[in-house]
Amino acid sequence: MTAIDRAFARARRNDEAGFTEWLRLVELPLRRSLARFARVVDVEAVVQETLLRMLIVARDPERELTGDNASLRFAIGVARNVAHEEIRKLGHEDLVDPADLEQVEVDPEPPSDRGLRRAILACIERLPSRPRSALRQRLLMGHESPDREIAASLRMRLNTFFQNITRARRLLAECLAGRGIRLPEIPR
């Protein structure tokens with residue numbers, strides 16, 4: 001069972017956090033599947049309508065979705081149908097290739113960028129020892145591990161851990177910028 005399937009299964013049990021996780025996992029592949037319609041319809045409106053319909057599907061005990069990433073595949077089909085409805089409503093059928101309306105498979109995991117990965121790893125290696133170890137431990141233990149637990153595993157006080165993570169993020173961003181890789185501003 002994939003992460004998407006697990007999150008959707010939670011959503012089917014009326015777990016709001018499960019549906020939120022499912023949204024996080026499928027949003028990008030769903031948007032990528034709609035790229036061919038961007039010149040004809042409001043893709044954001046199509047995405048919002050699709051997600052609303054998927055919430056209804058998640059709460060329908062009669063609806064069964066089977067197979068790996070079934071909810072993603074179903075959502076892409078719903079999105080394609082919503083886009084097609086909008087195209088017909090707007091009278092823009094002549095602007096769309098009929099092949100664009102056929103079902104397409106979208107990989108839920110975007111392809112990796114090996115050059116970016118190498119740059120990130122090289123910049124992590126250049127970090128000073130304490131910020132590097134704090135960042136590595138955060139990556140190793142994952143986002144669901146409590147900060148206090150990660151700090152304890154490094155024998156750091158919690159505040160020291162936070163300071164090292166902040167320093168690591170700043171130095172990593174500077175290093176990447178020096179390699180021509182600009183990161184979007186992260187709200188603080």
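Since the structure is predicted, the reported quantities are computational estimates derived from the model, not experimental observations.
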Student: Should the heavy atoms of other residues, nucleotides or ligands under 6.0 Å from CZ of Arg179 be counted, would the total exceed 12?
Tutor: yes
Student: Kindly work out whether a path of hydrophobic side-chain contacts (I/L/V/M/F/W/Y, heavy atoms less than 4.5 Å apart) joins Leu140 to Ile165.
Tutor: no
Student: To the nearest 0.5 Å, what is the distance between CG on Asp147 and CG on Asn159?
Tutor: 11.5 Å
Student: Taking all heavy atoms of Asp5 and all of Ala70, pick out the closest pair and write down the distance.
Tutor: OD1-N, 3.6 Å
Student: Does a side-chain heavy-atom distance below 4.5 Å link Ser129 with Arg132?
Tutor: yes
Student: Any side-chain heavy atom of Pro128 sitting closer than 4.5 Å to one from Arg167?
Tutor: yes
Student: Within the side chain of Arg148, is there an N or O that forms a donor-acceptor pair under 3.5 Å with the backbone of Leu158?
Tutor: no
Student: More than 12 heavy atoms of other residues, nucleotides or ligands under 6.0 Å from CZ of Arg170: is that the case?
Tutor: yes
Student: Enter the distance from Leu154:CG to Phe161:CZ here, rounded to the nearest 0.5 Å.
Tutor: 6.5 Å
Student: Between Arg88 and Glu85 (salt bridge meaning N to carboxylate O under 4.0 Å), is one present in this structure?
Tutor: no
Student: For the residue pair Leu65 and Ser71, what are the closest heavy atoms and their distance?
Tutor: CD1-CA, 3.9 Å
Student: Are more than 12 heavy atoms, taken from residues, nucleotides or ligands other than Glu16, located less than 6.0 Å from that residue's CD atom?
Tutor: no
Student: For Phe37 versus Ile87, what's the shortest heavy-atom pair and its separation?
Tutor: CD2-CD1, 3.7 Å
Student: Can any side-chain N or O of Thr160 pair as donor or acceptor with the backbone N or O of Met156 at less than 3.5 Å?
Tutor: no
Student: Check whether any side-chain heavy atom of Glu44 sits under 4.5 Å from a side-chain heavy atom of Arg31, and report yes or no.
Tutor: yes
Student: So Val47 and Leu51, do their side chains get closer than 4.5 Å, heavy atoms only?
Tutor: yes
Student: Do Arg157 side-chain atoms and Ala151 backbone N/O form a donor-acceptor pair below 3.5 Å?
Tutor: no
Student: How close do Leu172 and Cys123 get, heavy atom to heavy atom, and via which atoms?
Tutor: CD1-CB, 3.4 Å
Student: Testing Leu25, Thr20, Val26 one by one against Trp22 for a side-chain contact (heavy atoms from CB on, under 4.5 Å), which residue passes?
Tutor: Val26
Student: What distance do Arg138 atom CZ and Ser145 atom OG have between them, rounded to the nearest 0.5 Å?
Tutor: 6.5 Å
Student: Can you name the closest pair of heavy atoms from Ala168 and Pro131 and give their distance?
Tutor: CB-O, 3.6 Å
Student: Is there a side-chain contact between Glu86 and Asp42, using heavy atoms and a 4.5 Å cut-off?
Tutor: no
Student: Decide whether Asn69 and Thr2 meet the rule of one side-chain donor and one side-chain acceptor closer than 3.5 Å.
Tutor: yes
Student: Check whether the side chains of Arg80 and His84 place a donor and an acceptor atom closer than 3.5 Å, and report yes or no.
Tutor: no
Student: Please report the interatomic distance CG(Leu55) to OG1(Thr50), rounded to the nearest 0.5 Å.
Tutor: 12.5 Å
Student: Around Arg126, counting heavy atoms of other residues, nucleotides and ligands shown, do more than 12 lie under 6.0 Å from its CZ?
Tutor: no
Student: Please answer: with hydrophobic residues joined when any side-chain heavy atoms are less than 4.5 Å apart, are Leu52 and Val46 in the same cluster?
Tutor: no
Student: State, with a plain yes or no, whether a side-chain heavy atom of Met54 is found less than 4.5 Å away from one of Phe74.
Tutor: yes
Student: Got a second to check how far Glu21's CD is from Ile4's CD1, nearest 0.5 Å?
Tutor: 9.5 Å
Student: Would you call Ile124 and Leu139 a side-chain contact if the rule is heavy atoms closer than 4.5 Å?
Tutor: yes
Student: Shortest non-hydrogen contact from Ile150 to Ser153?
Tutor: O-OG, 2.6 Å
Student: Just how far is it from atom CG of Leu127 to atom OG of Ser133, taken to the nearest 0.5 Å?
Tutor: 10.0 Å
Student: I'd like a table of donor-acceptor pairs (distance under 3.5 Å, sequence neighbours excluded) in which one partner is a side-chain atom from residues 56-63, with atom names and distances.
Tutor:
from: Arg59; atom 1: NE; to: Asn14; atom 2: OD1; distance (Å): 3.4
from: Asp60; atom 1: OD1; to: Glu62; atom 2: N; distance (Å): 2.9

